[in-house]
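Notes follow once the structure below has been shown.
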Amino acid sequence: MNDYIDDLQLLEKVAREAGELSLQYWKQSPEAWNKPADQSPVSEADLAVNDFLESHLRGARPAYGWLSEESVDGAERLENERVFIIDPIDGTRAFLGEDPGFGQSVAVAENGRVIAGVVHMPALDLTYTATLDGPALLNGAPIQPSKTTQIRGATVLTSKLSDDPGIWLNGFPGYERAFRPSMAWRLCLVAEGRFDATISMRKSWEWDVAAASLIAERAGVRVTNRLGEPFGFNRPECQEDGLVVAPPELHADFMAQLRN
């Protein structure tokens, strides 16, 4: 058994336990507030789940670094060969709105590349997993993306910002827009073929996409920033310039039509 699988088994076990903890707060009106930096919401549940994940993951792998949305970042992680990249509750707005579309996004990156990832949606009983050299799975069964090759008529998970004709070379390209609150889940929904693509013109944080990017890639999806460049992880700035996630031919159509 290689250590990618060892790490995946740890991630899945702890993510499921963290999911149970998050459900103890869900629909219970947890205390919540906005972060001063960007006014995004955070709750006592986010912090409790973060503490749980850090205790159990770093307790099992003390040599690994730590990058989490809900932890104070430090430069020491840049010295670690392997690092946990975590979003304790991805989709906090959904969580606080008593919507089931939230989950735990947990990954291990090695030298800038994700090697194991889990996205666990506890209220929906969905667990997506992958390792760098294994298949993408949903609740233990292999998944694959759609075979859609063109933007027009494709189902795309994105916000209204992406409808702006100014970001497209030839105006709005005629896709069907949908939305889900968790960015990690959006990538997984593309990986399993329930939607054709997901895109974002905003900066994306590593913790939002680390686990799900590997799951999508192992399913056969191309994952890049809005410029068509592959993601890198455990970097000082922790951000990418947007994202485009789609099967290869559809991804190429996005690249041909986006104004960059």
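Please read all numbers here as calculations on a predicted model, not as lab measurements. All values below were derived from every heavy atom in this structure, side-chain atoms included, with hydrogens, water molecules and symmetry-related copies excluded.
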Compare all side-chain heavy atoms of [X] with those of [Y] and state whether any distance is below 4.5 angstrom.
X	Y	value
C188	M183	no
F95	P30	yes
Q104	I89	yes
T127	V118	yes
V14	L53	yes
F172	D164	no
L67	I85	yes
L137	I143	no

State plainly whether one hydrophobic cluster holds both [X] and [Y], where clusters connect Ile, Leu, Val, Met, Phe, Trp and Tyr through side-chain heavy atoms under 4.5 angstrom apart.
X	Y	result
V108	W205	yes
V42	L21	no
I199	L187	no

Hey, could you give me the [atom1]/[atom2] distance between [X] and [Y], rounded to the nearest 0.5 Å?
X	Y	atom1	atom2	answer
T155	L189	OG1	CG	10.0 Å
S213	R113	OG	CZ	10.0 Å
D7	E12	CG	CD	13.0 Å
E20	F52	CD	CZ	10.0 Å
R194	L138	CZ	CG	8.5 Å
E240	S204	CD	OG	6.0 Å

V223 to A216 - nearest heavy-atom pair and separation |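 For V223 and A216, the tightest heavy-atom pair comes out as CG2-CB, 3.8 Å.
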Cut-off 3.5 Å, side chains only: do E76 and N80 have a donor facing an acceptor?
->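 E76 vs N80: no donor-acceptor pair found between side chains.
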State, without any angle test, whether N139 and Y128 hold a side-chain donor-acceptor pair at a distance under 3.5 Å.
->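 Judged by distance alone, the side chains do not pair up.
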Can you tell me which residue pairs pass the side-chain hydrogen bond (donor to acceptor under 3.5 Å, both in side chains) test with a partner in residues 44-57, sequence neighbours excluded?
->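 Every side-chain hydrogen bond (donor to acceptor under 3.5 Å, both in side chains) pair that includes a residue of residues 44-57, provided the two are not neighbours, is S43-D46, D46-T92, N50-S68, N50-S71, E54-R58.
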Count the heavy atoms belonging to other residues, nucleotides or ligands that lie under 6.0 Å from [atom1] of [X], then report whether that count exceeds 12.
X	atom1	value
N170	CG	no
E249	CD	no
K35	NZ	yes
Q150	CD	no

Test item: R259 side-chain N/O and G166 main-chain N/O as donor-acceptor pair under 3.5 Å =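 Such a contact is found between R259 side chain and G166 backbone.
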Short side-chain to backbone donor-acceptor contact, R180 and W185, under 3.5 Å =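 No; judged by distance alone, with no hydrogens or angles, the pair does not exist.
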For D208 and D90, run side chain to side chain contact (heavy atoms under 4.5 Å, CB included): C-alpha distance rounded to whole Å, both residues' side-chain angles, the deciding distance at 0.1 Å, then the answer.
-> CA-CA 7 Å; D208 289 327; D90 186 43; 3.2 Å; yes
Quick one: do Y175 and D163 satisfy side chain to side chain donor-acceptor pair (under 3.5 Å)? Show the steps, please.
-> CA-CA 9 Å; Y175 55 73; D163 294 355; 2.9 Å; yes
Show your working on side chain to side chain contact (heavy atoms under 4.5 Å, CB included) between R202 and L161 and close with a plain yes or no.
-> CA-CA 9 Å; R202 291 178 168 176; L161 295 175; 3.1 Å; yes
Steps toward side chain to side chain donor-acceptor pair (under 3.5 Å) verdict (D87, S105) = CA-CA 5 Å; D87 193 340; S105 173; over 6 Å; no
Assess the pair W26 and F102: is the distance between their ring centroids shorter than 6.0 Å?
->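 Yes: the rings meet the under 6.0 Å criterion.
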Should the pair R82-D3 be classified as a salt bridge under the 4.0 Å nitrogen-to-oxygen rule?
->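 Counted as a salt bridge, because a side-chain N and a carboxylate O are separated by less than 4.0 Å.
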Quick one: list whatever passes ring-ring contact (aromatic ring centres under 6.0 Å, His included) with F195, sequence neighbours left out.
->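 Residues passing ring-ring contact (aromatic ring centres under 6.0 Å, His included) with F195: none at all.
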List the steps, then state whether side chain to side chain contact (heavy atoms under 4.5 Å, CB included) holds for R186 with V190.
-> CA-CA 6 Å; R186 289 178 229 166; V190 175; 5.9 Å; no
On the 0 to 90° scale, with breaks at 30° and 60°, tag the F254-W168 ring pair as parallel, tilted or perpendicular.
->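 Ring orientation of F254 relative to W168: tilted.
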With under 30° as parallel and over 60° as perpendicular, where do the rings of F231 and F233 fit, or are they tilted in between?
->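 Because their plane-to-plane angle is over 60°, the rings of F231 and F233 count as perpendicular.
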